[in-house]
There are 2 protein chains.
Amino acid sequence: MSKFDLKPIQKNKTSKELVYDELKSAILHGTIPKDELITEISLSKSFDVSRTPVRESLAELTKEGLLEHEQRKGFKVRHISENEKEQIIYLRKSMEKEGVRKLAPIITEEQIQELDDILSEQEDAAQNDDRLRNIELDQMFHKTILEFAEQNMFKKIFIDLHNLTRVIGHEALMKPGRMEEVIKEHRAILEGLQEQDEHIAMDKLDYHLSNTETVVKNIK
Amino acid sequence: MSKFDLKPIQKNKTSKELVYDELKSAILHGTIPKDELITEISLSKSFDVSRTPVRESLAELTKEGLLEHEQRKGFKVRHISENEKEQIIYLRKSMEKEGVRKLAPIITEEQIQELDDILSEQEDAAQNDDRLRNIELDQMFHKTILEFAEQNMFKKIFIDLHNLTRVIGHEALMKPGRMEEVIKEHRAILEGLQEQDEHIAMDKLDYHLSNTETVVKNIK
DNA sequence: TCTATGTATGATGTATACATCACACACTAT
DNA sequence: ATAGTGTGTGATGTATACATCATACATAGA
């Protein structure tokens with residue numbers, strides 16, 4: 001079992017957590033067909049729970065921007081416009097550059113090691129052509145930087161933004177060859193941090209996210 | 001009745017909307033004592049509704065960051081740390097500067113007029129020493145710019161961030177004299193927009209938010 | 001006295017019944 | 001045939017009963 005499990009093993013999940021986790025996972029993995037209508041009742045039947053926990057999960061995912069609701073119709077996976085994609089990348093650049101700027105001068109050996117470990121795992125995933133895992137580890141890498149930089153408000157917003165782009169689907173986000181590029185770009189950022197040079201780190205981050213933007217925007 | 005009503009008159013509010021609106025308003029107006037414990041049951045008694053709509057309102061406000069929850073204890077108005085205050089202002093600067101940068105070259109006469117109207121109302125409010133209304137109009141001014149700039153994702157995040165700072169209380173945010181300053185600073189931003197000079201608009205915005213930051217951070 | 005355990009209490013989690021309401025579809029009167 | 005009306009259906013809104021679970025406090029045994 002990997003050191004970096006995104007979902008901590010959670011025994012005795014509540015029904016709501018179960019529905020929330022499964023549904024979110026389905027959305028992020030692109031399992032749910034675009035335009036498919038979801039209702040409280042349909043889900044409560046699928047999961048064999050009452051409407052209450054389903055209702056709460058739907059509300060939460062809607063608030064996160066992963067679902068959209070149409071009165072008396074139901075819920076759908078949210079569509080992300082080009083304009084929104086631009087705003088997402090802009091915000092990520094803004095927050096994450098500030099993150100590395102803060103972190104570079106004070107990063108510890110341990111923290112460098114942990115980031116390095118994530119990249120190693122990412123290489124494993126790339127070897128196995130595991131796009132899904134690669135995206136999860138991509139999120140983990142960026143998230144961890146913000147965590148080390150003690151920018152937890154940024155971190156929270158980042159996760160939501162990253163998830164929003166994931167709606168697009170992992171096949172599209174991690175096309176052949178992109179996985180390896182991402183890892184290289186991550187390594188470059190990490191090197192900047194390791195040398196405690198915030199300018200390099202920020203530049204490399206900017207470059208990485210510009211590439212991400214290109215990928216994201218080339219998906220209709 | 002003013003042209004700029006933040007809450008559109010909403011007849012036939014659902015119970016949830018009623019609880020949500022009232023509770024949110026109480027939080028933003030600083031009516032709820034710090035450290036006061038709120039529970040589903042206590043609120044459902046206060047509002048004479050069942051726990052269900054109360055529960056949903058609490059969940060939503062927690063997700064927005066206005067409340068925090070302690071297992072088996074209850075909900076409290078969220079405390080905002082210094083670090084978080086910095087992140088809030090940083091993000092606002094980042095988003096709003098990008099907003100005026102986008103808007104300046106394409107702003108219309110009508111839009112300038114609408115922003116001007118907001119500032120007039122703000123002057124009225126200042127005359128009447130109405131701090132509460134002033135803060136609402138402050139939010140309205142910034143929000144409208146992002147709306148005109150068609151940066152709706154920024155707008156959504158901005159509103160949450162602005163609300164977060166409001167938890168601090170309107171007396172503190174709009175100390176004597178600050179209301180007039182805010183209006184002047186807003187006018188300066190508007191002038192930059194009017195001249196379609198994005199650099200001036202961005203500078204004035206930066207200045208305004210730096211002052212805001214000083215105010216916010218001088219509150220313990 | 002100290003520790004362990006029982007138990008009451010308060011809080012949240014969940015199921016379920018019923019209310020409401022928008023919409024689609026059928027039917028009727030013109 | 002068409003406009004207007006009735007009605008079923010599906011979806012959400014709300015109340016409420018019951019389950020679960022953490023905690024504090026009391027109490028009994030060592």
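Letters go in sequence order (proteins before strands), and every chain restarts at 1.
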B:Ser94 (side chain) donor-acceptor with B:Tyr90 (main chain) under 3.5 angstrom: no
Between P of D:dA15 and CD1 of B:Ile41, the distance in whole Å: 14 Å
Nucleotides 17-22 of chain C: protein proximity per nucleotide (B base, S sugar-phosphate only, - neither; heavy atom, under 4.0 Å): ----BS
Basic-acidic side-chain contact under 4.0 Å: A:Glu150, A:Lys102: no
Separation of atom CD in B:Glu70 from atom C1' in D:dC21, rounded to whole Å: 17 Å
Atom-to-atom span, CD1 of A:Ile38 to C1' of D:dA11 - whole angstrom: 14 Å
Rounded distance in Å - CZ (A:Phe75) to C1' (D:dG10): 14 Å
Rounded distance in Å - CG (B:Leu37) to C1' (C:dT12): 14 Å
A:Met174 backbone acceptor or donor facing A:Arg131 side chain under 3.5 Å: yes
5' precedence on DNA chain C between A:Lys73 and A:Ser15 (nearest-nucleotide basis): A:Ser15
Residue pair B:Gln139 / B:Asn163, side-chain donor-acceptor N/O under 3.5 Å: yes
Presence of donor-acceptor pair under 3.5 Å, side chain of A:Thr39 and base of D:dA11: no
Whole-Å distance separating the CD atom of A:Glu40 from the C1' atom of C:dT14: 14 Å
Selected nucleotide, minimal atom distance to A:Ser50 side chain, candidates D:dA15, C:dT12, C:dT16: C:dT16
Atom pairs under 3.5 Å: protein N/O with N/O of nucleotides 7-9 of chain C:
none

Short side-chain N/O contact to C:dT12 OP1/OP2 from B:Arg55, under 4.0 Å: no
Nearest to side-chain heavy atoms of B:Lys16, which nucleotide of D:dT14, C:dT14, C:dT12: D:dT14
Pair A:Glu60 + B:Lys63, salt bridge at N-O below 4.0 Å: yes
Any donor-acceptor N/O pair, B:Gln87 side chain to A:Met153 backbone, under 3.5 Å: yes
Modelled atom types, side-chain donor and acceptor of A:Asn211 and A:Glu185, under 3.5 Å: yes
Minimum-distance nucleotide to B:Thr14 side chain [options: D:dA15, C:dT14, D:dT14]: D:dT14
Spacing between B:Lys13 atom NZ and D:dT14 atom C1', to the nearest angstrom: 17 Å
Intermediate values then yes/no, side-chain contact (heavy atoms from CB on, under 4.5 Å), B:Leu193 and B:Ile145: CA-CA 10 Å; B:Leu193 287 173; B:Ile145 288 175; 4.2 Å; yes
Value in whole Å for how far the C1' atom of C:dT14 lies from CZ of A:Phe47: 16 Å
Pair B:Tyr20, B:Lys24: side-chain N/O donor-acceptor within cut-off below 3.5 Å: yes
